Amino acid sequence: MDLFRLAWKNLWRSRRRTLITLAAIGLSVMLVQAFHNLAFGTYARMIDSGVRAGSGHIAIYHEGYVESRDETLSFEPQGLVETVRDLPKVEEALPRLYLPGLAQSSRESRGIMLTGVHPEAERRVNPFIKDLPEDEMVRDLEGRDAVIGQRLLDELKIRQGGKFVITVQSRSGELVSELFRVRGVVETGIKDIDRSLVMVGLDRAAAMNGRPGEISELAVILDEPEADRSVHPLLEKLTADRPHLDVLSWEKAMPNLANAIKLDYASQKVIFAIIVLIVTIGVVNTLLMSVMERFHEFGVILALGASPGKLRRMVLAEALLLGLVAMVFGCVLGTLGTWYLAEVGIDLRTFISEDLEFGGVVFEPVLKAGWDVVWMVQIALYVVFLSVLASLYPAVKAGRIVPAEAMRHF
Amino acid sequence: MQLRSLSTIALGLILLSASSAFALDLRELIREIEDQHTGRSSRAVMNMQVETSHWERSLVMNAVSLGRDHFLIRIQEPPKEKGVATLKVEQEVWNYLPKVDRVIKVPPSMMGGSWMGSHITNNDLVKAAKIDQDYDFALLGETDTTWRINCTPKPEAAVVWGRIVYLVEKARRVPLTVDYFDEDGIKVRTITFDEVKEIDGRQVPMLMAVQPLEKPQESTVMHYRELEFGVPVEESFFSLRNLRQR
Amino acid sequence: MTMLTTLALRNLWRNHRRSLLTLTAMVVSSSLLILALGIFSGMLQDMLASATEQYHGHLVVSRDGYQDDRDLFSTLAPESELIDRLSEQEGVNGVSPRLRTFGLLSAGESSRPVELLGVQPAKEQQVTTLQNKLVAGRYLTEDSGNGALLGRGLAERLDAEIGEQLVFLTQAADGSIGNDLITVTGIFATGDTGHDNSLALVNLNWLQRLVILPGQAHEIALHLEDPLTAPQKAEALEKLLPPELEAIDWGRLMPEMNEVIATYDVSRMIIIVILYFATGLGILNTFFMSVMERTREFGILMAMGLRPWRIRILVLLEALLLGVLSLVIGVGLGALLTLYMREVGIDLSGYITPVTYAGGTILPRLTAVFEPANFWLPALLLLILCLLSAFFPANRAARLQPVEAIREE
């Protein structure tokens, strides 16, 4: 205990240096924590949107569907939809059927992707259509309502409420045509989707396919991403008797999104490693200097009978205290910074020219932080660890002091 | 561009059988006009002239058909495209290209595309016009010589038009013009018929012009130079091997 | 002056441990900072390159409205005069005229809709990088005749191999049925399913003849030295071009990719600020403290007659000498590290596959580039910071009465 009291006093003897070092470490900790949390929050939102519009946190497909997107690889859910919906931690189960087809109006024709959905469930969950007013969404499962992309509406030269005909090739090979009316229009900002999305009731699409009841994907939306651990095995069990069905997590079903995040994360790690190195060098430097300046003093202490070990431990204790205080200081700042970024965030529009329109769905213009507490605690521990590590060399040097020479130092 | 009924007129005219009914049953009348009788065969030589805003083209073609599910059309002129042929068997369409000596199957995604560059689409060739089933009919007006018939699509019918109006010559029960409207009442296309001849006991217009109204410089005109019905031909004739013959 | 300089040097040497410590800290910090900046620039360049250089190029010149409707008849004649004028523009280092048709590619029973892009191979390779994405066969040459480069997905769906002949069918510009055989000379894989499943590259001359558009092209794609200047270059070009032509930069051609890159750029700037902060704090700590601790020493010097202003200059000189030396080494080390990253880099393809989004592809690797600004700017800023952090405590000491200064611990 005395050791620490002594160490503490020593720290504050050179008040300015201690304060500046604390500031350096503390601010770096804050920046690293706050920025990581910003990235963390941004990734979480990207995943959330991607998951809700795409394959869900977990999805069930026919074997081989994800690689080939072959519309003939559809399957009969056989009650899976309701069973999965009732599982704990499952927010929603979205059955969908995707059929490539041709849309024709009185003036133009375009290739499209016919998407059969459960309208109510989809509207609750899917970010592409969540802004659609309720009376503009598809009303039922077998009707002729369609929600289409803005670009498609323009290219077909029709209006809201206008009619168009969709032709698909049914499983038996014949061409099936059905009438639809534009009930609602969406603009996702993603060109490909706005040009080819035609969302209709699932039963109508399945009937056109010639296989009523069959779907291409069952997207499962969870209450929280971590629930994947408990729900995934449940889904595997439910489909165990049907080996041609795959249960895929979103990372496998949407590898693009997963990889984009991994790549960003990788470059972030490299940069943070560099920041940590820079700060560590500074700390080593500071500690060494503080030891060097006290050579004379240490020489006296040693001459008076203190053991080199005690001296080393004192240096270590100083570094430890410094690290602890810096950690607390840094974490407090980091928490404040994260709180600010979580509430207010960074609005990218202030940095980028206004000409740039944001998709608004996958890319929100305001970046907000999340709370990756585990990571924050890790950084805190690293700081303390590094401080102690940084003190090893100075401590060794202090222990090697020969009193007679040291006292000659000034 | 939608031209379902044009093809059926084109092909249906080849297939018309002798009509017997005299009373004005609109549905029956339209059915006659668009009639798709199975089991009827025909042979024809036609000249198709297409004008677009960028080019003009004139083709001479031979056609053989059996019912509405089988036909084989081969280009005779111009020399550059001589031998190019189209085969339809039920819902499938193939093209033969003599220059490279290959047969190509037309995939569903290309069904909206134009056939031989005209204002007729592959889709039109494939789909049987069910105008008499997809529409309800009403007599709009009548003069001494003509009937004007309004066709409104049934609420569930898979047709892109808002309505279609037929102007029919009473005497010979042949169409004079057919107007296609979108749902806002704008006329999108008009087909005009002319040169009515009697073939096999039936009155058949030998000239047909398709006019897309929003592109007034464009048109497709089909002119039948020769036409005969009841030609002896079997289903086996409509094969890929025959498609390849030059 | 020389006396002060000598004194400065002696002081540095006298406290060689402290000087060495300070030097090391500066060298490590500055070199790492330079490396980080190089990595960021490298990432951005990589993203930009792979996003734009596989297909679009950095800038395209075409008829008004062509990029929206891709109308076959919206052509321009890429006469050598126009090409030369474009090539001569500042910052333009690649010019490639292209013709585009859509049609059907068929092999046996399979047919697929396809986009055929007619190019001049030598020129095209200066604008796009498909030649680096070949998984089989070879790129086109001027005498490839009817040779074609197919996307991998397209080749797979048609079951086509190198040397095989496929039929291409389209509508020619005179309305006739354009058709011919193509020979598969190469297969590419960009990772972008859109292009891999429906794009084929052919010779411009051959395509012009097939669709009967002799001497015509739909667009001229340009490659710039600095793709980030594309919007400004586009504006500048528009003024030079006849009114029926327009110049469009990649940001407008691929707005979704533009979002991604803009977001990345902003994050990059934020992190760079953080990096400068961290480095700056470290340097501040080092220099500031080392001077502060010599207050007593300065007091003695002043008591012995050294004028206060000389104290200031002395300290500045020390900081300057030490600063310049450490920055020279730091910049050198930073350059070496950057070189390593550029030549070797960190390859992540073991656990990340290329990321495709909205028409572009981002490769899974970390690399760096040499940009002069990444060297002289940090060096300059850090030097100024050294001088400032040394100056303030020196100034403070110089202002004190010698006796007070001596009394400081």
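Values in this document were obtained by computation on a predicted structure and should not be read as measured data. In what follows, every chain begins at residue 1, and chains take the letters A, B, ... in the order their sequences are listed.
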Next on the checklist: Please evaluate residues B:Thr86 and B:Trp94 with respect to the criterion side chain to side chain donor-acceptor pair (under 3.5 Å), reporting the C-alpha separation (whole Å), side-chain torsions for both, the decisive distance (0.1 Å), and the verdict.
Outcome noted: CA-CA 6 Å; B:Thr86 301; B:Trp94 290 266; over 6 Å; no
Checklist entry - What residue, out of B:Lys80, B:Glu81, B:His54, has the most heavy-atom pairs lying under 4.5 Å from chain C? => result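 Going by pairs under 4.5 Å, I would pick B:His54.
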Checklist entry - Under 4.0 Å between a Lys/Arg side-chain N and an Asp/Glu carboxylate O for B:Lys88 and B:Glu92? => result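 No salt bridge links B:Lys88 with B:Glu92.
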Next on the checklist: Under 4.0 Å between a side-chain nitrogen and a carboxylate oxygen: does that hold for C:Glu219 and C:Arg100?
Outcome noted: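 Yes, this pair counts.
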Checklist entry - For B:Val50, is it the side chain, the backbone, both or neither that has a heavy atom under 4.5 Å from a heavy atom of chain C? => result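 Contact with chain C: none, neither part.
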Next on the checklist: What part of B:Ser114 gets within 4.5 angstrom of chain C, counting heavy atoms only: side chain, backbone, both, or neither?
Outcome noted: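 Only the side chain of B:Ser114 comes within 4.5 Å of chain C.
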Item to check | C:His218: which of C:Asp71, C:Val60, C:Leu76, C:Leu99 passes side chain to side chain contact (heavy atoms under 4.5 Å, CB included) | outcome: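 Testing each of C:Asp71, C:Val60, C:Leu76, C:Leu99 against C:His218, the sole residue satisfying side chain to side chain contact (heavy atoms under 4.5 Å, CB included) is C:Leu99.
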Next on the checklist: Given heavy-atom pairs under 4.5 angstrom as the criterion, report whether the side chain, backbone, both or neither of C:Ala107 touches chain B.
Outcome noted: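 Interface part for C:Ala107: neither.
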Item to check | Which portion of C:Leu105 sits near chain B, non-hydrogen atoms under 4.5 angstrom | outcome: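 Interface part for C:Leu105: neither.
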Next on the checklist: B:Arg163 vs B:Glu183, test: salt bridge (Lys or Arg N to Asp or Glu O under 4.0 Å). Steps then yes/no.
Outcome noted: CA-CA 7 Å; B:Arg163 69 191 181 111; B:Glu183 275 194 308; over 6 Å; no
